[in-house]
Amino acid sequence: MQLNAQQLKAKEHPSGPLLILAGAGTGKTTTIVQRMAFLISELNVEPSSILALTFSVKAADHLKEKLVEKIGADGENIHASTFHSFAQSVIDEFKSELKLLYRPNLMNDSEINFLIREHFNELDYIHSALFRRNPIDAIKTLKTIFDQFREELFTDEKLSQLFTQCKETINRDGADEKEREHYLQLMDAIQIYPLYQQWKKDENRIDYGDMISNLWRLILNSDNVKAQLQQRYTHIIVDEFQDNNHALSQVINVIAQPQNNITVVGDDDQCIYSFRGANIQNVSGFKSRYYGSPEYAEIPLMENYRSTKPILKLANEIIQFNPDRVKKGELHSQKESSFIPKLYEGSKDQQTAQLKVEIESYIASGVPLNQIAILSRTHKNCKLASEFLSKNRIKNQYYSERLFDNKLIKDVICGFQILGKTSYWGQSIYRLIKNKFGGELAFEFTEKLKYNKSRSLSELVENYNFNNETFHLWFNEIISISEILPENDILKITERIVKWSGVYKDNIHVENHQSEINIQILNQLLTHITNYEQSYPNSDFNQFVRYINISWEVNDIAVEPTWADDVINGVQIMTVHQSKGKEFSHVIIPFLVSAGFPLNYQNKALIQFLPANWRNWEVGDRSMKDLHIEEERRIFYVAITRAENSLVLMTTEKRQSNFIKNISSEFLEREKIMIESKEVEKLDTLISMFENKLLDAITFEKWNDAYHLVHSIQCIKDVKNGVTPEWNDNPYKVEIEENIYANEEVVNIPTELSLSATKISTYDKCPLQYRFKEIDKIPLLVKKPYFQLGSVIHKVLEIFHEKKMSTQNELLSLLDQYWTTEGFEYKQEEQQFKKDAVVMLENYFAYFQANPVHPQFVEEAFSFKLKNCTINGKCDRIDVTEDGHVEIYDYKTSKKQIASKDLKKDIQLAVYALFLLHDGIELIDGKKQKMIAEKLALLSLRHEEIETSVKFELDELVEKKDVIEAIADKIRSKDFDAKIGHHCDYCEFKDLICPEFN
DNA sequence: GGGTTACGGTTTTTT
DNA sequence: ACCGTAACCC
């Protein structure tokens with residue numbers, strides 16, 4: 001390939017610091033490869049004196065390949081690798097200087113979280129209440145902060161100085177609550193960090209951050225190492241320089257001395273990894289560091305060989321809104337085109353429908369599917385697009401599955417939960433029985449599970465009458481596995497669990513593409529477990545289950561793609577981050593809605609990043625939020641610049657993304673989507689699914705499988721036409737029937753429908769969750785600490801009033817009496833919860849002293865009938881005032897206090913009022929009296945002003961009654977569609993049961 | 001115009 | 001749990 005003038009200049013730049021500002025698609029790899037060739041042939045640099053560094057393994061492999069291709073044997077002698085593998089090789093070589101005898105073993109993310117988890121109870125004092133209340137969140141947060149300490153190369157002295165700074169900040173007036181909490185978390189991180197380092201050392205382990213910081217310590221503390229490295233590598237080349245963090249930049253700066261023959265290639269407009277420490281000031285920082293040096297040069301490559309002029313015009317228009325960019329001119333190209341990037345406006349459904357139209361028109365004009373890409377900001381939207389295309393018979397490729405989200409892996413995990421008797425115990429048995437033997441048998445089994453408090457399998461068997469021989473045998477097998485737990489190693493047990501759970505037998509039954517994927521996925525799990533066994537050879541089974549559960553919680557292991565994935569020709573669907581470095585003839589970016597892209601900036605309760613003024617770079621007066629929007633804009637810029645020939649954007653009519661809202665039609669042609677989306681029939685979806693499988697079978701030459709699939713498709717079509725299919729020996733029969741009859745199981749609604757305030761709000765939140773809890777009666781997880789706290793508080797207050805006690809001491813000693821440490825995994829958590837309980841009781845007592853009444857009733861149960869249901873419930877406390885007015889009180893232990901104006905929406909208070917209206921209570925004369933409640937109050941115990949209250953008038957209560965009856969009607973009509981939202985994260989059925997996540 | 005409420009969204013991933 | 005915009009109120 002012929003280099004252009006700028007590229008040539010970069011190639012033949014003599015020596016000294018060189019900054020190549022390489023825009024998207026400007027031939028940067030070619031240029032640096034040629035530059036290395038030039039160094040060797042023209043400047044007589046030894047190949048082994050060149051150090052070429054990248055961040056990712058993929059980029060390193062790509063670079064090595066190109067080097068060998070262009071330079072030949074000399075290319076192989078160039079040290080081209082990732083930063084981390086370079087660091088590791090140096091540490092190996094000089095390990096004696098670090099006083100290491102053996103090469104430390106690298107920890108993966110699950111192991112790191114597990115390590116902190118296993119030591120968490122040793123921590124004596126934790127500053128952050130949030131950390132104390134939620135150790136798992138604390139562990140995850142600590143890990144990311146520890147990484148950032150290393151990215152910024154903080155020394156012990158620096159950390160202790162920052163600790164003092166934290167203390168000053170939290171004592172300062174005017175700091176808001178969240179900021180104060182963040183600094184408490186940072187104080188914890190600083191205090192725990194040396195312990196974390198020691199825990200690793202004790203086990204001769206290191207993490208990725210240690211690789212870089214050890215290298216830094218080596219060259220800083222040993223003149224010998226520094227001198228050797230400086231002599232060995234006289235020329236340094238760094239790729240994707242904008243993604244470097246501070247630590248990496250410092251390391252290469254030192255090694256490059258004294259000649260500073262250092263070439264960096266990067267584009268500040270494509271820096272999209274600041275969440276992992278990438279320093280947005282890297283590029284300009286390089287410039288200011290070496291600007292004074294006489295050999296310093298700066299060469300922009302802005303001649304783009306990828307995109308057409310109109311696409312680049314849009315890209316330039318968008319990125320120019322970012323402040324403080326390094327000066328390098330605009331991207332330009334020679335590719336003329338009359339196609340202006342297009343913007344479709346329509347609802348989300350219309351956008352997906354339009355996706356289909358666009359792709360079909362590309363197909364009609366002969367574009368290969370893998371030249372079309374759908375890019376999205378989030379995985380959620382990628383998934384949406386992928387599922388939509390599959391339903392519509394358009395082959396597509398989207399990889400994002402996490403190992404522990406996989407259905408088969410979850411089945412195996414269920415086996416571990418059963419053996420480990422964890423809180424997932426009941427749900428795991430339920431899930432496996434349902435998968436293997438159907439819903440009816442699972443339903444039959446649930447009652448028994450509920451009453452099996454000791455979680456003993458043999459006890460279950462004694463109480464169960466097995467009519468089904470296969471089921472009986474299967475159950476005996478898990479019992480015999482549980483009996484050999486102590487004397488067998490974890491891999492043995494895993495093997496038996498895998499067999500028992502049926503994932504081999506049931507999912508690898510046909511010689512087809514999917515089976516091969518399934519085998520690979522299972523192997524990935526086995527590898528994960530083998531690694532654990534090697535690291536913890538003396539682990540007992542319970543510890544192993546804790547490890548598995550933390551891996552599951554972290555869930556960051558991606559399912560590896562198979563070799564075969566490259567062969568498939570489908571529409572490419574990926575996140576913008578995944579698309580970096582790639583290019584496609586046609587790019588579609590749908591769902592450009594406000595809050596979606598740019599994503600809303602969120603200042604979360606758990607700290608995510610070090611404070612801006614702790615970093616080794618200046619951001620001027622831009623806020624964290626400004627920086628966030630700028631990064632989102634760069635992400636959008638990266639997405640646009642992937643397109644070669646056509647670029648189609650899609651957005652809603654209102655609430656459009658800020659990035660495109662005011663872009664003039666000169667850059668972007670707008671058009672309203674006119675088509676209406678229509679639902680694809682269930683059986684048609686199934687046919688599409690099998691047609692896709694057939695395509696795979698043909699691609700991979702699984703002819704026997706193809707034969708079955710053709711037959712399967714015929715059978716589904718038969719069902720569609722009302723004909724009874726002839727299944728013969730079709731191995732897909734079970735799978736197809738499951739799909740056809742899914743959600744058509746019998747749901748038995750009791751004739752006497754019993755509701756309560758809680759049940760009503762559960763239904764309101766998610767009808768499916770209501771069904772799981774109240775209709776299917778799926779076993780719940782073992783009580784979480786949070787609920788335990790609530791019930792203890794209620795119990796204590798009940799007794800306090802019942803026994804007519806009157807002092808705070810009496811109240812608090814009741815707490816001591818009823819408090820139990822059971823159910824708490826972490827010491828800190830238990831202590832904090834008890835502290836919270838004391839505060840709540842103190843708040844209550846202060847309130848009680850100001851309002852000294854003796855309640856008429858405590859924990860008063862009630863029941864009354866409405867048109868189509870019975871309402872049951874319990875009032876925490878009922879008072880009768882001197883003038884005969886009734887007041888009902890409810891204790892709230894949750895963090896959130898409902899504002900007075902919102903109380904009328906509260907269903908619970910309305911239910912109490914309805915009870916008084918419909919059923920009444922016994923007053924002095926022993927007769928039940930119906931009336932309107934004068935006052936309905938919530939006592940939010942976590943707040944100083946605990947009382948908020950409301951009164952419902954008659955017409956309002958009639959309205960509420962209608963609402964409840966409407967819900968009862970909906971339940972009776974078996975309306976149980978899942979409602980997805982943030983509440984899903986707190987739903988007990990999310991992990992193993994809910995079809996939306998399984 | 002300014003304040004309030006309703007509503008619709010809600011992470012990225014490498015070593 | 002938290003943010004940004006549209007719609008509404010005055």
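Remember, predicted model here, so these are calculated numbers, not experimental data. So that the names make sense, note that chain A is the first sequence line, chain B the second, and so on, each numbered from 1.
- At the phosphate of B:dT14, neither OP1 nor OP2 sits under 4.0 Å from any side-chain N or O atom of A:Thr82.
- Distance, A:Gln242 CD to B:dT14 P: 15 Å, rounded to whole Å.
- Among the atoms of the strands shown, base atoms are found under 4.0 Å from some heavy atom of A:Phe275.
- Between A:Trp199 and A:Tyr196, the ring planes lie perpendicular to each other; the angle is over 60°, past the 30° to 60° tilted range.
- Side-chain contact annotation: A:Gln397 with A:Tyr399, donor-acceptor N/O pair under 3.5 Å present.
- Residue contacts shown for A:Asn658 are limited to sugar-phosphate atoms, with no base heavy atom under 4.0 Å away.
- Less than 6.0 angstrom separates the ring centroid of A:Tyr233 from the ring centroid of A:Phe86.
- Nearest nucleotide to the side chain of A:Gln578, out of B:dT13, B:dT11, B:dT15: B:dT13.
- Looking at heavy-atom distances under 4.0 Å, A:Lys625 makes contact with sugar-phosphate atoms alone, never a base.
- Nucleotides B:dT13 and C:dC2, compared at atom C1', are 23 Å apart to the nearest Å.
- Straight-line distance from the CD atom of A:Gln148 to the C1' atom of B:dT15: 15 Å, rounded to whole Å.
- With B:dT15, B:dT13, B:dT11 as the candidates, the nucleotide lying closest to the side chain of A:Tyr208 is B:dT15.
- When the P atom of B:dG8 is taken as reference, atom NZ of A:Lys348 falls 12 Å away, rounded to whole Å.
- Heavy atoms of A:Gln608 sit under 4.0 angstrom from at least one base atom.
- In this structure, of B:dT10, B:dT11, B:dT14, it is B:dT10 that holds the atom nearest to the side chain of A:Asn381.
- A salt bridge does not link A:Lys990 to A:Glu996: none of the charged side-chain nitrogens sits closer than 4.0 Å to a carboxylate oxygen.
- Counting 5' to 3', DNA chain C first comes under 4.0 angstrom of a heavy atom of chain A and last does so at the ends given by C:dA1 to C:dA7.
- Looking only at distances, no side-chain donor or acceptor of A:Asp268 sits under 3.5 Å from a matching main-chain atom of A:Arg325.
- Between A:Ile272 atom CD1 and B:dT11 atom C1' the separation is 12 Å, expressed in whole Å.
- The distance from atom CD of A:Glu632 to atom C1' of B:dT12 is 8 Å, rounded to the nearest whole Å.
- Annotation: of the two residues near DNA chain C, A:Ala595 and A:Lys895, the 5′-most nearest-nucleotide partner is A:Lys895.
- Atom CG of A:Asn600 and atom P of B:dG9 are 12 Å apart (whole Å).
- Using a 4.0 Å heavy-atom criterion, one finds that A:Val576 contacts no nucleic acid atom at all.
- Note: NZ (A:Lys58) to P (B:dT15) measures 9 Å, nearest angstrom.
- A:Asp147 has a carboxylate O that lies under 4.0 Å from a charged side-chain N of A:Arg150, or vice versa, which qualifies the two as a salt bridge.
- Base pairing analysis places B:dT11 opposite nothing; no Watson-Crick or G-U wobble pair with both distances below 3.5 Å involves it.
- The distance from atom CZ of A:Arg655 to atom P of B:dG8 is 7 Å, rounded to the nearest whole Å.
- Side-chain atoms of A:Arg377 come within donor-acceptor range of the base of B:dT11, with a qualifying N/O pair under 3.5 Å.
- A:Phe597 is listed as a side-chain neighbour of A:Phe659, based on a closest heavy-atom distance under 4.5 Å.
- Residues A:Asn603 and A:Gln656 both approach DNA chain C. Their nearest nucleotides, taken by heavy-atom distance, put A:Asn603 toward the 5′ side.
- Here A:Glu181 does not pair with A:Lys178 in a salt bridge; the nearest charged N to carboxylate O distance is not below 4.0 Å.
- With the nearest nucleotide of DNA chain B identified for both A:Ser85 and A:Lys604, A:Lys604 has the one nearer the 5' end.
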